[in-house]
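Small disclaimer: the values here were computed from a predicted structure and weren't measured. Computed over heavy atoms, backbone and side chain alike; hydrogens, waters and symmetry mates excluded.
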Amino acid sequence: MSIDFIFCFKKVRRMFLSGFRFFVFLCCLCFCVFVLAEDEAVQDKNTIVNAGELSVAFRNAANRVLPATVKIISRIQTTEERTAMAKLIPAIPTTQRRRNPGDNTGTGVLIDPRGIVVTNNHVVTVAREIDVELPDGRIYFARKFRHDPDTDIAVIWFDVEANEKLPYASFGDSDKLDICDWVIAVGNPFELDLTVSAGIVSAKGRSLQRVSRTEFIQTDAAINPGNSGGPLINLNGEVIGINTAIASRSGGSQGIGFAVPSNNVKWVVDQLVTKDRVDRAWFGVVLAPITQGEAVRLSVRMKAGVIIDKVLPGSPCEEAGLLPDDVIIKFDGQPVKEVYQFQRLSERAEINREHTIDFIRDRKFKKVNVSAMLLPKDQRRLHFIEDMKLPSHFDTQLGILLMEAPDVMIKRLKMGDKRGMIAITVLPDGRAFRAGLTDGMLITAVDGIPTLTVKRYIEAREGSSISDGIKLDIVEPQGTEKKIIIKLGTTDPQ
């Protein structure tokens with residue numbers, strides 16, 4: 001066999017093998033393209049299916065609460081009342097005109113088939129009449145409402161016939177919410193009934209200056225004028241907040257709305273339904289978060305707790321020995337890392353009982369028991385005591401917050417030349433209250449011993465006996481004098 005023939009044979013074989021490899025490569029490439037195309041089609045199909053499932057979830061959640069979402073019509077009538085209402089609506093310009101200037105329209109949510117609705121206080125607080133309109137067109141006249149301005153929550157009652165069936169919504173657990181969770185806002189913005197908007201939880205634990213005793217859920221779900229009082233719900237259709245305010249320069253939604261968390265709403269509603277009022281425990285401290293500078297100054301970790309900025313005179317915390325710059329880390333064993341956490345735990349504490357506060361002072365862990373007092377009706381009185389640097393005393397046994405009465409107050413209350421300890425706050429259901437002592441009365445003597453100063457009052461009380469009866473010489477505003485006897489048994493709280 002010649003060398004040329006062998007060379008040609010090898011060359012042909014190489015060409016054949018190269019062509020075969022190219023053919024195999026081309027087949028593999030086509031197969032991969034086909035598989036990738038199939039995968040992309042499947043992914044597109046899955047994306048559509050997932051989007052459809054999310055739409056169904058939104059739809060189902062909204063359908064659970066839409067029948068229970070009501071329109072609140074507050075009939076105001078006068079210009080003065082309309083102006084007062086406008087000033088109460090958070091973040092909404094007072095110049096905005098409504099279609100019916102005599103009425104204020106908001107939203108509420110039925111929480112009980114017996115005719116109990118939750119809404120915002122600012123929706124109804126100055127109304128002369130309140131109408132509740134259901135989505136099916138039924139309209140009810142509110143027979144009663146109770147409110148809590150400190151959380152901007154109000155409860156409305158209307159009468160329901162025995163055979164009537166009303167839809168109602170259920171509360172969810174707002175503490176289980178996390179940032180980026182989906183939420184849905186339902187309401188009547190701009191009188192567009194039953195409008196639904198969706199978004200996410202964009203922040204938690206927000207505070208607003210106008211609403212002092214609650215933290216807020218922040219959401220980018222569109223909330224507009226008319227949404228106030230309406231439900232913010234999760235994808236289970238549970239109410240996890242009551243829409244309350246917006247942050248806006250224009251008066252319309254700019255992606256920042258605020259809702260009162262459902263766990264706060266439930267507590268307030270329970271109080272209003274069972275007692276017609278909200279009773280909060282009070283400990284008498286002004287708190288601040290730990291900043292980086294404060295953490296270095298006090299040698300504590302960031303988020304270790306909350307700093308006591310002020311201890312109010314005559315308060316339970318002052319009686320227990322707490323001081324400014326103490327860092328509270330626990331309340332009744334529950335960790336406290338934010339101001340709103342302490343506020344929530346402490347205000348719900350049992351009144352007239354001792355509660356444990358864990359704190360850090362001078363790098364040492366300490367613990368103290370503090371007796372909870374009912375929050376005074378007018379906290380401005382407490383800050384007045386502090387600002388004026390007036391000596392004060394909290395008589396825990398009798399349930400009175402007292403201070404040395406300044407001349408300006410004696411003159412204003414028209415008590416003549418009398419001097420003594422003035423009752424700033426008398427606890428409801430306390431011994432002194434049951435005996436007839438009320439806010440603004442002046443105690444001039446205890447068992448005949450003049451009480452011109454805190455020191456003299458304490459000395460007189462140490463010598464008195466509630467078993468034998470404590471006799472108080474009292475001067476009422478306008479100067480009327482009388483005596484009150486506080487005795488164990490007849491005035492002891494149950």
Side-chain angles (χ1 to χ4, degrees), residues 279-287 308-324 326 328 331 342-343 346-347 349-357 359 368-406 409 419-447 449-466 470 472-474 484 486 488 491-493:
D279 288 341
R280 291 181 169 89
W282 178 70
F283 292 85
V285 286
V286 178
L287 302 174
I308 296 180
D309 184 45
K310 298 177 183 177
V311 181
L312 297 179
S315 67
C317 279
E318 185 191 51
E319 295 285 330
L322 286 166
L323 300 171
D326 286 345
I328 296 177
F331 181 88
F342 179 86
Q343 184 183 66
S346 63
E347 73 177 9
E350 188 176 357
I351 297 167
N352 296 327
R353 295 289 184 272
E354 286 192 341
H355 299 271
T356 303
I357 293 178
F359 63 99
V368 68
N369 292 328
V370 186
S371 180
M373 172 181 170
L374 182 67
L375 179 70
K377 295 178 183 177
D378 191 347
Q379 296 184 66
R380 287 176 296 181
R381 300 174 186 173
L382 306 175
H383 292 284
F384 173 75
I385 295 174
E386 181 187 20
D387 294 341
M388 296 293 290
K389 307 300 181 185
L390 297 168
S392 58
H393 173 68
F394 177 48
D395 191 325
T396 55
Q397 189 180 40
L398 302 187
I400 324 168
L401 177 59
L402 300 160
M403 77 171 185
E404 294 180 10
M409 185 172 288
R419 294 293 181 272
M421 300 292 294
I422 196 160
I424 294 298
T425 299
V426 182
L427 299 186
D429 296 329
R431 291 188 176 96
F433 180 84
R434 288 175 176 241
L437 192 75
T438 59
D439 295 357
M441 289 185 176
L442 187 72
I443 301 175
T444 59
V446 174
D447 289 341
I449 302 172
T451 54
L452 300 178
T453 64
V454 167
K455 182 178 179 181
R456 294 294 300 276
Y457 178 87
I458 293 173
E459 290 173 351
R461 282 286 288 114
E462 287 175 349
S464 65
S465 170
I466 198 168
I470 302 171
L472 303 179
D473 291 354
I474 302 297
I484 290 177
I486 302 175
L488 191 64
T491 59
D492 199 32

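- Considering every non-hydrogen atom in both Ala281 and Ala349, the closest pair reads CB-O, 3.5 Å.
- Between Thr444 atom OG1 and Met421 atom CE the span is 12.0 Å, to the nearest 0.5 Å.
- Taking the side-chain hydrogen bond (donor to acceptor under 3.5 Å, both in side chains) definition, one finds that Glu347 meets it with Arg213, Arg280, sequence neighbours left out.
- Taking Asp447 as the reference, nothing meets the side-chain hydrogen bond (donor to acceptor under 3.5 Å, both in side chains) condition, with sequence neighbours excluded.
- Residue Met373 holds its CE atom at 8.5 Å from CG of Leu375, rounded to the nearest 0.5 Å.
- Rounded to the nearest 0.5 angstrom, Leu437 CG and Ile486 CD1 are separated by 6.5 Å.
- Residue Ser371 comes nearest to Pro316 through the heavy atom pair O-CB, 3.1 Å, listed as atom of the first residue, atom of the second, then distance.
- Here Thr451 contributes atom OG1 and Ile443 contributes atom CD1; the two are 6.5 Å apart, rounded to the nearest 0.5 Å.
- Residues forming a side-chain contact (heavy atoms from CB on, under 4.5 Å) with Glu459 (at least two apart in sequence, or on another chain): Lys455, Arg456.
- Counting only distance, with no hydrogens or angles, the side chain of Arg431 and the backbone of Gly399 share no donor-acceptor pair below 3.5 Å.
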Report the C-alpha separation of Ile466 and Gln397 in whole Å, then their side-chain angles, then the decisive distance to 0.1 Å, and conclude whether the side-chain contact (heavy atoms from CB on, under 4.5 Å) test is met. CA-CA 9 Å; Ile466 198 168; Gln397 189 180 40; 3.8 Å; yes

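- For Glu404, there are no salt bridge (charged side-chain N to carboxylate O under 4.0 Å, His left out) partners at least two apart in sequence or on another chain.
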Might you work through the side-chain contact (heavy atoms from CB on, under 4.5 Å) test for Leu374 and Asp279, ending with a clear yes or no? CA-CA 7 Å; Leu374 182 67; Asp279 288 341; 3.8 Å; yes

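- In terms of the side-chain contact (heavy atoms from CB on, under 4.5 Å) criterion, residue partners of Glu319 (sequence neighbours excluded) are, by chain and number, His393, Phe394.
- At a threshold of 4.5 Å between non-hydrogen side-chain atoms, the residues Val285 and Leu312 do not count as touching.
- Among residues two or more places apart in sequence or in another chain, the side-chain hydrogen bond (donor to acceptor under 3.5 Å, both in side chains) test is passed with Asp395 by Tyr457, Arg461.
- Under the rule for a side-chain contact (heavy atoms from CB on, under 4.5 Å), the partners of Ser346 that lie at least two apart in sequence or sit in another chain are Phe283, Phe331, Phe342.
- Closest non-hydrogen pair, Ile424 versus Asp439, comes out as O-CG, 3.7 Å.
- Residues passing the side-chain contact (heavy atoms from CB on, under 4.5 Å) test with Glu350 are Arg353, His355, sequence neighbours excluded.
- To the nearest 0.5 Å, atoms CG (Asp473) and CD1 (Ile484) are separated by 10.0 Å.
- Closest approach of Ser464 and Val446 over heavy atoms only: CB-CG1, 4.4 Å.
- Between Val368 and Leu322, the closest side-chain pair of non-hydrogen atoms falls below 4.5 Å.
- The CD1 atom of Ile308 sits 6.5 Å away from the CG atom of Leu287 when rounded to the nearest 0.5 Å.
- Between Leu398 and Val426 the shortest side-chain heavy-atom distance does not fall below 4.5 Å.
- Not a single side-chain hydrogen bond (donor to acceptor under 3.5 Å, both in side chains) links Thr453 to another residue, sequence neighbours left out.
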